[in-house]
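Structure record follows, encoded as structure tokens.
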Amino acid sequence: MSSSFQSTAGQSFRTPVDTFVAPVSAVRKSGLMDLAETLADINPALQNFIQVKAKQNAEQKIAEGQQFILQADDEELKNAMKIINEREGSRARKDFLGNNKFFQIGAERQIAINLGNAAELNTEKFFKNYLVEVPNKSGGVDYVPLSDFDVNSAAFDNALSEFNRTSLINTKGIRPEILNQFFLPKQNAAFKKVFDRQISNSADKNIAKYSSIISS
């Protein structure tokens, strides 16, 4: 007689564990995520606000530094120039111009403007009053105005060298970028005016000389 019974010896009845997890179709935003996105949107505005305020504060300090120089008396100006020239020194000297960098920049800026205005007058006065020693027939010298000489003459070159050596305004201690913006344009304009006048005077002298030769 046959039997339908089958032995289960050696077989395991443990069922494998299903580890499959269905993917999440949408991630719900948490309160923290919403806050992060909000800050990302606000931050550029905050940064811009801070930059604007910093610029306004710097401009205010620069204006205060300029106003300080404008209102300073001769002694205060001397002290200010000394501090700017030295850059280092005692706490008292530094405190004289304030601890704020932009205040000091404002002071230097106004000094550069003042020196630029002075450079125009100083340069014009020097060359307008400059006299050239010219030997005469009696063995002495005559003093001839610089305007009588050509702009390419040795006399004019000597005048330029003497001006640079003795009369060029001292700008020691002032930041180069400030000099480039507020002083040098005035000094260069003064030199250009001197050159233009020298060329015009020389042309007028030549015309007068040739006219006298032709009419004689």
Side-chain angles (χ1 to χ4, degrees), residues 58-59 62-88 97 101-136 140-213:
E59 290 174 349
I62 288 174
E64 290 176 2
Q66 291 188 262
Q67 192 64 27
F68 167 77
I69 295 300
L70 288 172
Q71 296 178 344
D73 56 29
D74 290 342
E75 190 63 26
E76 288 173 329
L77 282 175
K78 289 179 182 178
N79 288 334
M81 285 299 296
K82 182 179 180 181
I83 292 170
I84 289 173
N85 287 343
E86 293 178 354
R87 287 282 180 201
E88 301 293 338
L97 278 180
K101 179 184 75 171
F102 294 103
F103 184 93
Q104 296 177 26
I105 288 175
E108 290 180 38
R109 177 181 292 185
Q110 189 59 49
I111 290 174
I113 292 173
N114 293 351
L115 293 180
N117 294 333
E120 290 185 292
L121 298 176
N122 182 58
T123 305
E124 183 174 359
K125 180 180 179 181
F126 178 91
F127 287 95
K128 190 175 182 179
N129 297 329
Y130 192 88
L131 297 175
V132 180
E133 293 185 358
V134 178
N136 56 34
V141 294
D142 293 328
Y143 293 92
V144 181
L146 183 63
S147 58
D148 286 4
F149 296 85
D150 185 83
V151 72
N152 295 315
S153 65
F156 189 73
D157 286 343
N158 290 337
L160 284 175
S161 298
E162 185 174 335
F163 177 85
N164 290 331
R165 186 175 64 256
T166 65
S167 301
L168 198 62
I169 291 179
N170 181 16
T171 58
K172 180 183 177 182
I174 301 178
R175 291 170 173 82
E177 59 270 23
I178 292 178
L179 292 177
N180 290 338
Q181 186 175 2
F182 297 102
F183 173 76
L184 291 180
K186 294 290 186 69
Q187 181 63 79
N188 291 338
F191 276 132
K192 184 178 185 303
K193 189 175 181 180
V194 168
F195 273 85
D196 290 344
R197 185 173 62 239
Q198 193 73 19
I199 292 172
S200 297
N201 289 339
S202 178
D204 291 342
K205 296 289 183 182
N206 289 333
I207 291 174
K209 181 176 67 175
Y210 296 145
S211 296
S212 62
I213 293 175

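All heavy atoms count here, side chains included; hydrogens, waters and symmetry mates do not.
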(request) Give me the one residue out of Ile111, Asn170, Ile69 that meets side chain to side chain contact (heavy atoms under 4.5 Å, CB included) with Met81. (result)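 Output: one option passes, namely Ile111.
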Point-to-point distance, once rounded to the nearest 0.5 Å, from [atom1] of [X] to [atom2] of [Y]:
X: Leu179; Y: Arg109; atom1: CG; atom2: CZ; answer: 12.5 Å
X: Ile178; Y: Thr171; atom1: CD1; atom2: OG1; answer: 11.5 Å
X: Asn129; Y: Leu131; atom1: CG; atom2: CG; answer: 7.5 Å
X: Asn79; Y: Asp74; atom1: CG; atom2: CG; answer: 11.0 Å
X: Leu121; Y: Lys128; atom1: CG; atom2: NZ; answer: 11.5 Å
X: Leu115; Y: Leu184; atom1: CG; atom2: CG; answer: 11.0 Å

Residue pair [X] / [Y]: nearest heavy atoms and the distance that separates them:
X: Val134; Y: Val144; result: CG2-CG2, 3.7 Å
X: Ala119; Y: Ala190; result: O-CB, 4.1 Å
X: Phe183; Y: Gly116; result: CD1-N, 3.5 Å

Just jot down the side chain to side chain contact (heavy atoms under 4.5 Å, CB included) partners of [X], sequence neighbours excluded, or say none.
X: Gln181; value: none
X: Asp73; value: Glu75, Glu76
X: Ser167; value: Asn122, Phe126, Phe163
X: Asn136; value: Ser138, Asp142

(request) Provide the full list of ring-ring contact (aromatic ring centres under 6.0 Å, His included) pairs with a residue in residues 141-161, sequence neighbours left out, each pair given once. (result) Phe156-Phe195
What residues, two or more places apart in sequence or in another chain, satisfy side chain to side chain donor-acceptor pair (under 3.5 Å) together with [X]?
X: Asn114; result: Gln110
X: Glu64; result: Gln60, Lys61
X: Asp148; result: Lys205
X: Thr123; result: Gln187

(request) May I have all residue pairs that pass salt bridge (charged side-chain N to carboxylate O under 4.0 Å, His left out) and include part of residues 186-196, sequence neighbours excluded? (result) Glu124-Lys193, Lys192-Asp196
(request) With sequence neighbours excluded, tell me which residues meet salt bridge (Lys or Arg N to Asp or Glu O under 4.0 Å) with Glu120. (result)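 In terms of salt bridge (Lys or Arg N to Asp or Glu O under 4.0 Å), with neighbours along the sequence ignored, Glu120 is linked to no residue.
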(request) Would you mind reporting whether Phe127 and Gln198 have side-chain heavy atoms less than 4.5 Å apart? (result) no
